[in-house]
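Worksheet: the structure to be examined is printed underneath.
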Amino acid sequence: MITALELGLIYAIVALGVYLTFRILNFPDLTVDGSFTSGAATAAILIVNGVDPFLASGAAFVVGTLAGLVTGLLHTKGNINGLLAGILTMIGLYSINLRIMGGANIPLLGEDTTISLLRQFAGSGWSSVLVLVAVALVFKIIIDWFLHTDAGLALQATGDNEQMIRSFAVSTDRMKITGLMLSNGLVGLAGAVVAQHQGFADIGMGIGLILVGLASVIVGQAIFGTRVVIQATMAVVLGAVIYRLAIQLALNAGLNPNDMKLMSAILVIAALLLPQWDGFRKFAARRRRGRSALHAAAEATLTEDANINGKRVS
Amino acid sequence: MLNVTNVSKTFFPGTVNERKALIDVNLRLSPGDFVTVIGSNGAGKSTVLNTVAGRISQDEGVVALDGRDVSKLKEHQRAAQVGRVFQDPMAGTSPNLTIEENLSLADKRGRRRGLGLGVNRAKRERFAEALKVLELGLEDRLKTKVGLLSGGQRQALSLLMATFSQPKILLLDEHTAALDPQRAELVTRLTRKVVEEQGLTTLMVTHNMVQALEVGNRLIMMHEGRIILDVSEEEKSKLTPEDLLAEFGKIKGAALDDKTLLQ
Ligand SMILES: Nc1ncnc2c1ncn2[C@@H]1O[C@H](COP(=O)(O)OP(=O)(O)OP(=O)(O)O)[C@@H](O)[C@H]1O
Ligand SMILES: [Mg+2]
């Protein structure tokens with residue numbers, strides 16, 4: 001249980017990264033499957049070579065941003081479809097990650113890691129969970145702040161109405177690259193911390209990560225809402241924790257860890273299909289009618305707009 | 001202020017779909033000129049505006065803004081000096097951002113967008129002050145998402161945003177066409193007001209003959225990719241919508257398109 005909570009809080013950083021691309025930029029970025037492992041590999045190889053684990057984790061962030069940069073350049077300057085650009089980087093990173101690690105696996109047992117320092121400092125009970133809560137919240141608040149700066153608003157507008165923000169002298173290419181770099185930096189950092197938490201880096205640890213991120217974002221936002229940015233990011237963090245707890249429950253119920261990829265896929269499919277199902281829509285409408293009429297009208301306009309623009313089906 | 005010299009543009013050249021959208025177009029606007037642009041559907045009006053803004057790159061010719069050749073600049077690079085309002089009220093604003101955030105985006109046009117807060121108290125006061133000009137009460141709804149506004153409200157806001165940081169040239173493409181008559185009237189009034197106050201050099205496309213004659217100090221008519229009529233302020237004041245329709249008829253020699261007749 002505590003392990004699941006801890007992992008959920010670490011994966012919240014992945015979810016924040018995926019939120020930036022998938023929700024803010026409207027860009028389903030598959031690079032994360034590769035950049036997560038790149039972050040883990042980078043941190044692991046540095047740590048076994050005696051580098052300070054915090055510095056090693058910082059390096060993982062930087063390597064992640066580079067992966068995002070490649071995808072961003074392929075998409076914007078190379079005019080390659082976004083999904084394909086992400087897949088290309090992801091596949092290429094597989095070989096690069098093997099090169100970084102010099103093998104398929106690097107054990108970190110006995111090394112000084114950020115997590116071993118956490119254990120020294122806060123043990124392995126609730127106090128270490130609290131530390132990780134604080135860490136996740138710090139990242140959430142940084143993202144909240146960034147999205148409200150001039151640069152962050154331009155990033156939001158790039159995902160919202162690209163033509164419009166270009167007519168206000170913003171290079172949407174540059175904004176997309178920035179978003180992808182930031183997102184993959186966060187994912188790389190999370191990969192580094194996950195490796196330190198589980199005690200090894202592994203070439204396969206990023207496989208299917210995009211689904212973990214998407215599930216966290218979609219489930220969290222379905223439950224906790226997306227009205228304003230600070231609410232949306234909180235929902236994403238909580239979504240990551242809930243996802244991890246759900247996985248833990250499934251494991252406790254006797255499912256095999258290898259079944260988890262299928263579970264994630266089914267969860268995301270359900271989250272995407274459910275809102276299209278008539279019964280669910282009626283239910284949502286009834287819930288909406290319960291609130292004030294004005295509120296409902298406002299929401300109706302929003303969905304209408306979302307349809308017209310063909311984006312943001314939140 | 002704006003110099004369009006020998007500009008031509010052909011879409012899908014060398015195919016069965018070839019369309020000569022602009023044929024050797026020349027247009028010269030002095031600072032403060034407010035030019036209305038009329039012409040039938042497909043005449044090339046939007047294409048002229050798009051080549052000035054850089055959304056479409058011309059095949060031949062030069063576009064110069066304020067004496068500087070901008071032909072090679074990308075749309076977002078030219079946008080520092082070009083304000084635009086589109087026909088679609090959805091097009092000029094960011095629906096998921098609030099009114100004040102949209103204004104903040106407009107406010108930073110052509111300046112570095114760094115890590116300062118997009119909206120702070122001082123800016124909020126300034127934005128509220130600017131919104132009062134619209135007389136729509138939007139100054140009391142700064143934190144409302146723009147997606148919740150009506151088409152007319154959004155278009156008025158788009159106009160304010162397009163002119164917020166004093167562009168060198170303002171491009172309006174049938175920006176009142178999608179609004180009901182009252183809202184269209186309001187947005188037209190606001191347009192005249194802001195163009196006059198800031199002395200903006202403006203190109204305004206319209207299908208409304210009356211509006212084309214009432215507004216601005218010059219009128220041009222386009223047909224099949226060419227400017228076929230250029231009327232100065234003095235001549236314009238003597239023209240009637242009927243004269244314009246007759247002019248259309250003369251050129252086309254055939255029936256006018258419905259949209260024009262209906263005006
Ligand atoms: N992006 C484009 N791709 C291909 N053809 C285009 C494009 N934009 C315009 N055209 C063609 O160029 C010609 C001129 O179009 P334009 O949109 O400039 O006309 P317009 O005068 O604005 O007409 P309307 O009054 O209908 O808006 C038309 O034949 C149109 O089909
Ligand atoms: Mg047009």
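Per chain, numbering begins at 1; letters A, B, ... match sequence-line order. For the numbers below, each heavy atom of this structure counts, side chains included, while hydrogens, waters and symmetry mates do not.
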Non-hydrogen atoms of chain A under 4.5 Å away: do they reach the side chain of [X], the backbone, both or neither?
{"X": "T93(B)", "answer": "backbone"}
{"X": "A53(B)", "answer": "neither"}
{"X": "N102(B)", "answer": "side chain"}
{"X": "R111(B)", "answer": "neither"}
{"X": "E101(B)", "answer": "both"}

Would you compute the distance between atom CD of Q163(A) and atom CZ of F86(B) and round it to the nearest 0.5 angstrom?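 It is 6.5 Å, given to the nearest 0.5 Å.
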Spacing of W145(A) atom CH2 and L117(B) atom CG [to the nearest 0.5 Å]: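 Separation between the atoms: 8.0 Å.
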Atom [atom1] of [X] with >12 non-hydrogen neighbours under 6.0 angstrom:
{"X": "I230(A)", "atom1": "CD1", "answer": "no"}
{"X": "Q231(A)", "atom1": "CD", "answer": "yes"}
{"X": "R68(B)", "atom1": "CZ", "answer": "no"}
{"X": "R174(A)", "atom1": "CZ", "answer": "no"}

So, [X] side chain and [Y] main chain: donor-acceptor pair closer than 3.5 Å or not?
{"X": "D150(A)", "Y": "G114(B)", "value": "no"}
{"X": "R109(B)", "Y": "S167(A)", "value": "yes"}
{"X": "K108(B)", "Y": "A154(A)", "value": "no"}
{"X": "N161(A)", "Y": "M90(B)", "value": "yes"}

Which heavy atom of [X] sits nearest to which heavy atom of [Y], and what is that distance?
{"X": "A169(A)", "Y": "G110(B)", "value": "CB-N, 3.8 Å"}
{"X": "A157(A)", "Y": "S94(B)", "value": "CA-OG, 3.8 Å"}
{"X": "N96(B)", "Y": "D160(A)", "value": "N-OD2, 2.7 Å"}

Heavy-atom pair count under 4.5 Å with chain B, highest-scoring of V170(A), T149(A), V229(A):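 With the most close heavy-atom pairs to chain B, the winner is T149(A).
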Specify which of D107(B), V82(B), L97(B) makes the most heavy-atom pairs with chain A at under 4.5 Å.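 The option with the most such pairs is L97(B).
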Can you tell which of H76(B), R113(B), R84(B) makes a side-chain contact (heavy atoms from CB on, under 4.5 Å) with F168(A)?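 Testing F168(A) for a side-chain contact (heavy atoms from CB on, under 4.5 Å) against H76(B), R113(B), R84(B) leaves exactly one candidate, R113(B).
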